[in-house]
Each structure stands twice: as structure tokens, then as C-alpha cells.
Amino acid sequence: MKREKSLLINSLLFFFGSLGKGVASIIIVFIGSFYILPDEMGIYDLVVSTISLVQPIIIFQINDGIYRWLLDKDNSKEDVIKCGFRVAYRNMIITNVLMVIGFMMFDFDHKILIAILLNLNCLYPIFQQITRGLKNHKIFAVSGIITGVSVLSISFIGMEFFDMGVEAFYIAQIVSNVAGMVYLGITQKISISPFNGNEKEIKKHSKPMQKYAIMLVPNSINQWMMKALDKFCILFYFTPYENGIYTVAHRFPDILIMLNNMFYSAWIEQSISEYDSDDRDEYFSKIYNIYTKIIISIVLLAIPVTKYIMRFTTGAKYADAYKYVPFLYIGVIFLGLSGFVGTGYLSTKKTEGILFTSLAGSFVNVATNMVFMPLFGLQIAGVAFVAGYLAMWIIRVISTRKFFKIDIQWGMFISLLGLTVVSALLVQLNNTLVDVIMMIVAIIITVIINRDILKVVCEKVANKVYKRNK
């Protein structure tokens with residue numbers, strides 16, 4: 001239970017640490033739906049999605065390299081950090097020169113704000129991963145709260161009182177990034193200077209760290225493609241209006257993705273530390289099957305409920321967005337499961353496995369969109385999201401058997417997955433009685449399959465209440 005408790009605590013801390021880029025970014029889109037037209041929302045989302053694409057390419061995903069090297073106890077923390085900043089600064093200088101040339105050739109709205117945001121989006125993840133690598137999880141959590149509050153407050157004030165529109169989104173994210181970096185830099189005394197380190201040690205880390213990190217770039221691109229490339233397909237076949245509708249629809253699965261990332265961040269650290277343990281396969285299998293039950297339970301509950309939540313959280317112009325949410329939820333299930341087994345590549349530093357499996361998933365996603373979207377419309381974007389992560393999960397389950405063997409409870413998994421697909425189809429009927437029945441069934445199934453976890457939680461709560469009243 002000690003390992004499970006540690007995993008739970010770290011997951012909660014990573015949840016708060018991800019607020020700035022997670023919950024807040026999702027909520028501001030809901031807020032913005034009352035102030036911004038779907039066309040404007042669609043264009044803004046494409047800009048932010050493009051920044052998410054190029055950011056890991058620019059810095060070679062060196063932030064993850066820093067994190068992994070900091071976990072090795074024999075490495076000098078200062079030299080690892082300086083090595084990472086050197087790589088980031090070098091690549092950012094080249095990028096900014098190319099940006100200046102691009103600005104001279106093309107003119108578009110908010111280009112200065114976009115350039116500033118891109119640079120800050122390259123630096124802030126480095127500060128975050130340094131904090132994680134140093135295992136200062138509480139500081140990481142506080143930084144997330146700071147950035148989250150900054151994003152929400154500045155976005156709302158800008159739109160409500162200054163009629164700034166999407167410009168408020170850009171400014172809010174810029175300020176939140178700066179606030180987060182200042183807090184992390186001061187509390188941990190992080191030196192952003194690439195100089196005055198042990199040159200021998202820095203050179204020793206440079207090539208292997210970059211090789212490790214650059215192999216993770218395709219995985220980041222893959223995540224972008226799974227989530228964002230479908231938006232470009234939507235623009236190609238339809239209009240910014242449909243893209244704005246889909247953007248709002250995606251924000252609900254984004255909440256589940258954020259929760260998954262919370263667990264995934266903690267699981268990476270746990271899986272690396274437990275990789276050489278004697279009961280590794282048994283422990284990994286136990287956590288995998290518990291995680292599977294929990295994430296499917298959440299999806300079963302969310303599919304019929306989301307439509308009614310949207311009536312209060314989004315503007316009337318986005319009323320049809322609920323139709324596209326269910327299959328996106330199912331895609332998140334496979335996103336989470338493929339990430340879980342993918343930690344085998346990180347534990348062994350064989351990140352080329354992430355490269356090839358990510359490319360396979362991206363190919364399936366793109367092919368599904370390109371072939372079927374003209375025939376069946378916007379709903380195919382969600383189906384392609386499922387297909388891409390399903391393919392990646394299957395390949396990773398097979399290829400990671402050389403690292404560890406997870407005993408998947410196939411009967412339970414297939415039954416629950418089939419039920420989620422049926423729910424995704426039934427919610428399209430837009431029938432309140434059917435939705436209520438699905439909610440009741442989802443609650444019953446959730447209680448049954450998670451009864452062991454619920455029993456433990458209830459016992460702990462009861463014991464604490466008893467001790468306080470004693």
C-alpha cells in the first residue's frame with residue numbers, strides 16, 4: 001500500500017501543477033464561448049495548436065531529457081540543468097531569426113503576442129521538468145495554481161471589462177508563464193545561465209540527453225496530430241465555424257486528458273523507480289487494471305452527463321457540440337492506456353520505441369480523417385481520434401512485452417469498452433429518458449467494478465471519523 005499511496009499523493013500534486021496549462025486553459029474556452037464567435041474561436045485554437053506543435057520541435061523536447069537525467073542520482077544537478085538550457089537557447093535563437101524573417105514576409109493579427117507566447121512556451125516546461133526532476137512536487141503544485149489563477153483572471157477581465165476578445169487569451173497565457181517561471185526560479189534558485197558549469201560534465205551529458213529527448217519529439221507531434229490535425233482537416237473540408245464547434249466539444253475530453261496526465265506524470269516516476277523490483281510485473285498489472293476500471297468508469301458517467309453540463313457552461317451558438325464528445329472520450333481511454341505501457345521505453349531509455357509507435361498512431365489518425373471525413377462529416381474527427389490511439393495502444397502492448405508483462409483482464413476490458421461504444425451511439429438519439437437510464441447503468445457499473453477501491457476509501461474515511469469523535 002505504501003507504493004500506491006505514494007502514487008496517489010504524487011498524482012494529486014501533479015494535478016495542481018498542471019492547472020495552468022490544464023484546467024484553466026479548458027475553462028477559458030468555456031468562458032470565451034459567451035464572448036467570442038465560433039469562427040474566431042476556431043482560428044485562435046489553430047494558433048495555439050500550432051504553437052503546441054512547434055514547441056517540442058524547437059527545443060528538441062529537452063525538458064524531458066533534463067527530467068530523466070535529474071532522476072539519475074549520480075548526475076550533477078547543476079550541470080544537467082545548464083546542459084538543457086544550452087540546447088534550448090541555441091534552438092530558440094535560430095527559431096527567432098526565422099520568425100523575424102517570416103514576419104517581414106507575412107502579416108497577420110497578434111504576431112508579436114504569438115512570438116512572445118511561443119518563446120515562453122519553450123522555457124516554462126523546462127522550469128516545470130526541473131522541478132519534477134528535483135522532486136519538489138509541492139512547489140510544482142503551487143506553480144500550477146499560480147499560473148491557473150493568472151490565466152483565468154486575466155482572460156475574464158480582458159473580455160468582460162475591456163472587450164479584448166481573443167487578445168485577452170494571449171496576454172493571459174503570457175503573464176501566467178512569466179509568473180510561473182519567476183516563482184519556480186526564485187523558490188528553487190534555478191540559474192538560467194548556460195555558463196560557469198563543469199564543461200566536461202556538460203559535454204558528457206549533451207549528446208545522450210539530446211538523443212533521448214529528440215526521440216520523444218515524434219510522440220509530442222503525435223499527440224498534437226491526434227488532437228489538432230483533425231482541426232486542419234475540418235478547415236479543409238468545412239469552415240472555421242465547424243472548427244469552433246469541435247474546439248468546444250474537445251474541451252470536455254481535454255478535462256479527462258488532464259486527469260490522465262496527472263496520473264501519467266506520477267506513474268512515469270513510479271515506474272522508473274520500480275522497474276528493477278522483483279514483483280514488477282505483478283505490481284504493474286495491478287495498477288494497470290485498476291487504472292483501466294477507473295478511466296472507463298469516468299467515461300461511462302461522462303458520456304450521458306456532458307450534454308446537460310454543456311447547456312450551462314457554453315454559449316447557445318455551440319449547442320450541437322455535445323454530439324462530437326462521446327468518441328473523443330473513448331479515444332482518451334486508449335490515450336491513457338498507451339501512455340501507461342509506453343513508460344517501458346522511458347524506464348529503459350529506449351525512446352525510439354515511442355518514435356515508431358507514435359508514427360503508427362498518427363498515420364492511422366490522418367488516414368481515417370482524410371478518407372472518411374468527406375463521406376461522413378465532422379463525427380469522423382472523433383472516430384479518427386479513437387482509431388489512432390487504439391492502434392498505438394495495440395502496438396505498444398505487444399512491443400513492451402520485452403520490458404515487462406502486464407496481465408490484462410481482457411474479459412472485463414472488452415465488456416466495458418463495448419458498453420462505452422453503445423453509450424456513445426445512444427447519446428446521439430438526444431432522448432432524455434435514454435440518457436437517464438445510461439446514467440443509472442453507469443453508476444451501478446462503476447460501483448460494482450470499483451467496489452474494492454470504494455471499500456478501502458470508505459473504511460479509511462470511517463476510521464478517521466471514528467478517531468475524531470472518540
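All values reported here derive from a predicted model rather than from experimental measurement.
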Is it true that the NZ or CZ of Arg280 lies under 6.0 Å from the centre of Phe404's six-membered ring and within 45 degrees of the ring axis?
no
Is the [X] ring parallel, tilted or perpendicular to the [Y] ring (thresholds 30°, 60°)?
X      : Y      : answer
Phe413 : Trp393 : tilted
Phe263 : Tyr291 : parallel
Phe85  : Tyr89  : parallel

If you define the side chain from C-beta out and look only at heavy atoms, does anything of [X] sit under 4.5 Å from [Y]?
X      : Y      : value
Ser143 : Thr131 : no
Leu416 : Gln409 : no
Gln128 : Tyr67  : no
Val332 : Tyr389 : no
Val151 : Ser155 : yes
Leu118 : Ile58  : yes
Ile443 : Thr446 : no
Ile94  : Val97  : no

Verify whether the ring centers belonging to Phe327 and Phe385 lie closer than 6.0 Å.
no
Pair Tyr322 and Phe252, ring centroids less than 6.0 Å apart
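No, the ring centres sit 6.0 Å or more apart.
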Say whether [X] and [Y], considering side chains only, have a donor N or O and an acceptor N or O under 3.5 Å apart.
X      : Y      : answer
Gln270 : Tyr283 : yes
Lys307 : Asn430 : yes
Asn431 : Asp435 : no
Tyr345 : Ser399 : yes

Start with the C-alpha distance between Phe140 and Leu184, add both sets of side-chain angles, then the distance that settles side chain to side chain contact (heavy atoms under 4.5 Å, CB included), and finish with yes or no.
CA-CA 8 Å; Phe140 181 83; Leu184 292 175; 5.6 Å; no
Check: [Y] main-chain N/O paired with [X] side-chain donor or acceptor under 3.5 Å:
X      : Y      : value
Asp64  : Ala213 : no
Asn289 : Asp407 : yes
Ser52  : Val48  : yes
Gln55  : Leu120 : no
Asn365 : Ala384 : yes
Arg451 : Ile448 : yes
Arg396 : Gly342 : no

Side chain to side chain contact (heavy atoms under 4.5 Å, CB included) evaluation trace for Phe169 with Met159:
CA-CA 9 Å; Phe169 285 175; Met159 289 184 293; 3.5 Å; yes
Let me confirm one number: the [atom1]-[atom2] distance from [X] to [Y], rounded to the nearest 0.5 Å.
X      : Y      : atom1 : atom2 : result
Ile174 : Asn177 : CD1   : CG    : 8.5 Å
Ile440 : Ile445 : CD1   : CD1   : 12.0 Å
Asn121 : Ile126 : CG    : CD1   : 11.5 Å
Phe60  : Asn91  : CZ    : CG    : 4.5 Å
Ile114 : Leu117 : CD1   : CG    : 8.5 Å
Leu425 : Thr420 : CG    : OG1   : 9.5 Å

Hey, mind stepping through Ser423 and Leu300 against side chain to side chain contact (heavy atoms under 4.5 Å, CB included) and telling me if it holds?
CA-CA 7 Å; Ser423 297; Leu300 280 173; 4.0 Å; yes
Ignoring hydrogens, what is the shortest heavy-atom contact between [X] and [Y]? Give both atom names and the distance.
X      : Y      : answer
Met392 : Ser358 : SD-CA, 3.8 Å
Gln129 : Leu70  : O-CD1, 4.4 Å
Leu123 : Met181 : CB-SD, 3.6 Å
Ser297 : Ile449 : OG-CD1, 3.1 Å
Asn96  : Met92  : ND2-O, 2.7 Å
Val364 : Ala391 : CG2-CB, 3.8 Å

Pair Val383-Phe372, side chain to side chain contact (heavy atoms under 4.5 Å, CB included): steps then yes or no
CA-CA 10 Å; Val383 175; Phe372 295 105; over 6 Å; no
Inspect the surroundings of NZ in Lys405 and state if more than 12 heavy atoms from other residues, nucleotides or ligands are less than 6.0 Å away.
no
When you look at CZ of Phe162, are more than 12 heavy atoms from neighbouring residues, nucleotides or ligands closer to it than 6.0 Å?
no
